[in-house]
Q: 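Take a look at this one; I'll ask things after.
Chain letters run A, B, ... following the sequence lines, proteins first, then strands; residues in each count from 1. Computed from a predicted model, the values in this text were never measured in an experiment.
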Number of protein chains: 2
Amino acid sequence: MSTPFPPLAYEPSYRRVAAAIAARIHARALRDGEPLPPETELASQFAVNRSTIREALRELESEGLVERRRGTKRMVVTRPGAGHVAGRVGHALALQDVTIREVWETLTIVEPPLAELAARARQAPGLEAVRAAVDAFEASGADTARAVDEVGAFFRAVASAGGNRVLRLAQEPLLLLLQSALRVMIDRVPQARARIASAQRRILAALEARDAETARTWMLKHVRDFRRGFEVAGIDLDTRVPHPGEAQ
Amino acid sequence: MSTPFPPLAYEPSYRRVAAAIAARIHARALRDGEPLPPETELASQFAVNRSTIREALRELESEGLVERRRGTKRMVVTRPGAGHVAGRVGHALALQDVTIREVWETLTIVEPPLAELAARARQAPGLEAVRAAVDAFEASGADTARAVDEVGAFFRAVASAGGNRVLRLAQEPLLLLLQSALRVMIDRVPQARARIASAQRRILAALEARDAETARTWMLKHVRDFRRGFEVAGIDLDTRVPHPGEAQ
DNA sequence: GGCGGCCCGATTGTCGGACAATCGTATCAT
DNA sequence: ATGATACGATTGTCCGACAATCGGGCCGCC
């Protein structure tokens, strides 16, 4: 048996241009904040038409590698931010018809260790953000949109306090999906707000006391409570998660 | 105090076109596999120039929402696949100068529960893939590239057996980064291959026996062993993870 | 000397048209 | 039916053009 021939791949110019620029960014030859050369110059450097350059730029833009800052003209090199990447992953998961159960199950796995990490972390400033998130949730009152946002902010703050950027980024799409499911659930469950607030306070207290064990177990209870919430609201856990809205 | 005015945002046409098409895909009005209308028709429908449509298409293409299948001309609607999304996230993490420690720490958190899930899963077919991955790793011998690939394949197979697509997708970028770090490490640590193979066999045995507890603990040992490997290889855990290559 | 307003070149967003390569398909011959 | 051929449709790439506006320099004024 001979090794099969690889399919001979033709790449259109716009993609090769995009790949060439992306490679420079990855190699740090083009760095964060640096302005990109104007389209006409890129066109003459690559010896292609400006239209081709523009198509390549759209690709890079959509990857979050370049962006044009608000009210400015030249594009600048940038590193894809957490929000940008998370949005993509969230959309992808929603399109895969992922169920609420799968999202929730993942949260039960990821969040408790995150709380534990945060409890062990040394810096105080991270805790300040957690405290602010807890207060903001209680202050959100009957404003559904705000309450849901603040639930996410709480998890984000805890993750940030933990100091692991990989975990924080991994968590981000989960929060997007949780929030979009939560928007439907929270107003159907009268006691939801009180239970969330109570759990958040307990977790905060554990973090302040550097009690990793308590932080972990309470975070687990907190996440489990969401499952209870969906059940009480009559939402089948095996329905697919609602598509995350465009609000960012 | 009055509420501050929101920045008045102008969106260029190509982005609004892309958003309009993306919305239809998200709403399932355009479904997986369906061919997109030709560019000229899209141009006349949106009443914009074909160049504008093409820029929008590059954006959608880069999001994995449309693709042109090999050797064909029309573009078809598609759902962003795991590999596609994972690549993006992997690049983003690498650009954020994430450290090997952060990746490894995340693996210690994510993988053991994944093994536990796989052990509890009812279907046998998933196990077949795990068995194949274990065999393939041992068969890879001194071929570094293949060995590294098979390490990833093992984790992927376990995750698939667990049946949680969210976890599987979350794991994917981690594997990309682990692999790119592993490529440097594995040949510097003589006993690495043997230890990996041994751990994989133990985990496989536990999965076959439906022993969730053993699967979890051995998976934890397996992941911890990678850390040991980096230390033995003299690789500082706090260096940033090498950028994942273009191989897919 | 610092500050605000004005003007001009540079750059981007969008348009129109053009053409070669090639993919899909209908037609035709065997 | 099967295989070869021819034609229209579609994409990739190019060229040129123009309005809007951003950035920066220049100037006058306090």
Q: Judged by each residue's nearest nucleotide on DNA chain D, which is more toward the 5′ side, A:N49 or B:T40?
A: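 Nearest nucleotide further toward 5': that of B:T40.
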Q: Just how far, in rounded Å, is C1' of D:dG12 from CZ of B:R58?
A: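 From B:R58 CZ to D:dG12 C1': 9 Å.
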Q: Return yes if the base of C:dT14 and the side-chain atoms of A:R50 contain a donor-acceptor N/O pair under 3.5 Å, otherwise no.
A: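 Checked by distance alone, the answer is yes.
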Q: Just call it for B:R54: base, sugar-phosphate, or nothing, with non-hydrogen atoms closer than 4.0 Å on any strand.
A: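 Since a base atom lies under 4.0 Å of B:R54, the category is base.
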Q: What is the distance from OH of B:Y10 to C1' of D:dC22, rounded to the nearest Å?
A: 14 Å
Q: Between A:E11 and A:R16, does any side-chain N to carboxylate O distance fall below 4.0 Å?
A: no
Q: Would you sort out whether A:R15 and A:E55 count as a salt bridge (Lys or Arg N to Asp or Glu O under 4.0 Å), showing the intermediate values?
A: CA-CA 8 Å; A:R15 194 170 314 211; A:E55 292 189 31; over 6 Å; no
Q: With a 4.0 Å cut-off on heavy atoms, is A:T52 in touch with a base, just the backbone sugar-phosphate, or nothing at all?
A: sugar-phosphate
Q: OP1 or OP2 of D:dT13 less than 4.0 angstrom from a side-chain nitrogen or oxygen of A:S13, does that happen here?
A: yes
Q: Considering only NZ, NE, NH1 and NH2 on the basic side and carboxylate oxygens on the acidic side, decide whether A:D97 and B:R165 come within less than 4.0 Å.
A: no
Q: To the nearest angstrom, how far is B:L60 atom CG from D:dT11 atom P?
A: 14 Å
Q: Any side-chain N or O of B:Y14 less than 4.0 Å from the OP1 or OP2 oxygen of C:dG13?
A: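 Yes, within the criterion.
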Q: The side chain of A:E39 lies closest to which of these nucleotides: D:dT13, D:dT11, C:dT12?
A: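 Out of D:dT13, D:dT11, C:dT12, the nucleotide with an atom closest to A:E39's side chain is C:dT12.
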Q: Angle between ring planes, A:H91 versus B:H26, binned at 30° and 60°: parallel, tilted or perpendicular?
A: parallel
Q: Do A:E59 and B:R58 sit within salt-bridge range, that is, some charged N less than 4.0 Å from a carboxylate O?
A: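 A salt bridge is absent here (no side-chain N lies under 4.0 Å from a carboxylate O).
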Q: Between D:dC14, C:dC23, C:dT12, which one does the side chain of B:K73 approach most closely?
A: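 Nucleotide nearest to B:K73's side chain: C:dC23.
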Q: Let me spell it out: for each of A:R16 and B:R74, pick the nucleotide of DNA chain D with the closest heavy atom. Which residue's pick is nearer the 5' end?
A: B:R74
Q: Between C:dT14, C:dG16, D:dG12, which nucleotide gets closest to the side-chain atoms of B:P12?
A: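 So the side chain of B:P12 is nearest to C:dT14.
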Q: Indicate whether OP1 or OP2 belonging to C:dG13 is found under 4.0 Å from a side-chain N or O atom of A:R68.
A: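 Checking C:dG13 against A:R68, a side-chain N or O does come within under 4.0 Å of OP1 or OP2.
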